[in-house]
Amino acid sequence: MVGYQKWLFVLILFCLGHIAYPQQIRVIKYLELREILDKPGDSTLVVNFWATWCLPCVTELPHFEKISAQYAKKKVKVLLVSLDAASLLKKKVEPFVVRKGIKSAKVVLLNEPDYNSWIDKVSPEWSGALPFTLIIDSKTRKSYERPFTEAELAAELKTFIQ
Amino acid sequence: MKSLFALAVTLTSLFVFARFTVLQPGYQVGEKAMDFSLKNVDGNMVSLSTNQSAKGFILVFTCNTCPVAQAYEQRVMDLDKQFASKGYPVIAINANDAALSPGDNFQAMKKRSSDREYSFPYLTDETQQIAKTYGATHTPTVFVVQRDGADFIVRYIGAIDNNAQDRSQASEKYVANAVNALLENKSIAIPTAKAIGCGIKWKKA
């Protein structure tokens, strides 16, 4: 009986965890990000740099979720790289991602506060302004230092997937 | 053949022109900075040439609303306290379009500057021409300029230090180091440094 209750407890915890946080947000360092950016394979990668404190980022986030779901079959992968402080992951970033209903696009938190050490490596064309987006396939790497409307984002993506 | 050449020249110049207008690269370190005349929160117009005794300025493109700019606000106030008496006062410039970002309108700027007791001018770049000319893209971004006769030369462009979240963890105090180098007549070890910030809210075309 005791054993059964223990398992039930674990099961309930497990379910609660899944209801509250449908997606596990990993904290990554620059080297891991570079691995992802350098190896798109046969996919088209859409990488958006954002933060919960950046209003235009927050406004365009649903567009990225939408194209992620819509173009998954066309080998489009969407990565949303949060630049929030790592200390705010549980308190702010995770609840925010749940509230925005982001399920299809993958979210990571890049914990590299010494910005000057990696911004140029991601793209020399990036001044550091948010939002910033890269679209990458095995041949091309394009950068966009501006917010997108849904139509603009879809139009840009179509130049990659034809 | 002649017309073909003319066509080639036209196309090339068009291409070059298009590149320059699209890129708007702004200033590089070593270039002459344009003086401006912008309205301060006290209603007076402020220019680089207004303050004849300054050896240069710490120009900070900032705003009320960006959390990164807010995180650096006290550090900007401290830069003015540290360097104004040494000849490098701070001038803060807000270039955000007030229509897109009402929290950055002139009234809100006046309030912020008086609430926080800014010891430096807080100017509105209403036409956004100065931010564009200098090449500021996000807040906060600093341009340290040094007087050279009647001109001002850009000596440093970029971030204030290398840790926005926690100033005690910042191992590189880019702006303070740059100004100290200028005061000691030394070369600036790190003349540009990038950082994450809020894109300036440009007017809708």
Side-chain angles (χ1 to χ4, degrees), chain A residues 27-30 33 47-61 80-89 91-93 96 108-134 142-149 152, chain B residues 22-27 61 63 65-72 95-97 100-104 131 134-142 156-175 189-202 204-205:
Chain A
V27 176
I28 64 167
K29 300 298 279 182
Y30 170 72
L33 177 68
V47 184
N48 173 251
F49 294 83
W50 66 286
T52 55
W53 48 258
C54 163
L55 189 61
C57 306
V58 169
T59 310
E60 69 173 359
L61 226 45
L80 303 175
V81 182
S82 161
L83 290 165
D84 286 274
S87 57
L88 297 177
L89 177 68
K91 214 174 103 193
K92 212 163 167 196
V93 184
F96 180 87
V108 292
L109 188 148
L110 180 64
N111 182 22
E112 289 285 8
D114 189 356
Y115 300 132
N116 192 49
S117 67
W118 57 268
I119 289 178
D120 270 335
K121 294 177 192 163
V122 167
S123 168
E125 291 159 30
W126 186 13
S127 75
L130 289 183
F132 179 77
T133 300
L134 290 169
K142 273 183 88 175
S143 59
Y144 310 86
E145 188 172 296
R146 60 177 174 91
F148 279 112
T149 63
E152 286 167 351
Chain B
V22 168
L23 280 178
Q24 283 185 339
Y27 290 141
F61 287 90
C63 67
T65 51
C66 173
V68 186
Q70 290 165 2
Y72 273 109
N96 275 350
D97 179 32
L100 290 171
S101 180
D104 285 307
Y134 277 65
T137 57
H138 57 288
T139 60
T141 299
V142 172
Y156 172 81
I157 302 173
I160 291 162
D161 61 34
N162 69 345
N163 196 314
Q165 292 154 23
D166 182 357
R167 72 188 290 181
S168 69
Q169 294 297 310
S171 56
E172 291 286 351
K173 299 192 164 53
Y174 303 121
V175 170
I190 305 176
T192 63
K194 288 186 177 180
I196 297 298
C198 309
I200 288 175
K201 310 293 181 294
W202 302 110
K204 293 254 186 288

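Computed from a predicted model, the values in this text were never measured in an experiment. Letters go in sequence order (proteins before strands), and every chain restarts at 1.
The parts of B/Ala193 that come within reach of chain A are both its backbone and its side chain, each placing non-hydrogen atoms under 4.5 angstrom from that chain. For chain B, the nearby part of A/Pro56 is the side chain; its heavy atoms alone come within less than 4.5 Å. B/Thr192 touches chain A through its backbone: at least one of N, CA, C or O sits under 4.5 Å from a heavy atom, while the side chain does not.
In this structure, CG in A/Leu55 is found 9.5 Å from SG in B/Cys198, a value given to the nearest 0.5 Å. The OG atom of A/Ser117 lies 11.0 Å from the CD atom of B/Glu172; values are rounded to the nearest 0.5 Å. Atom CG in A/Leu83 sits 9.5 Å away from atom CD in B/Gln165 (nearest 0.5 Å).
Between B/Asn162 and A/Asn116, the closest side-chain pair of non-hydrogen atoms is not below 4.5 Å.
Between chain B and the options A/Phe132, A/Trp53, A/Trp126, the largest number of non-hydrogen pairs under 4.5 Å is found for A/Trp53. Note on A/Pro147, A/Ser127, A/Ser87: by heavy-atom pairs under 4.5 Å with chain B, the leading option is A/Ser127.
Scanning for side-chain hydrogen bond (donor to acceptor under 3.5 Å, both in side chains) contacts around B/Asn163 gives an empty result, with sequence neighbours left out. With sequence neighbours excluded, the residues satisfying side-chain hydrogen bond (donor to acceptor under 3.5 Å, both in side chains) with A/Tyr144 are A/Glu156.
When all heavy atoms are compared, the tightest approach of B/Thr137 to A/Ala129 is O-CB, 4.0 Å.
Around atom NZ of A/Lys91, no more than 12 heavy atoms belonging to other residues, nucleotides or ligands sit under 6.0 Å away.
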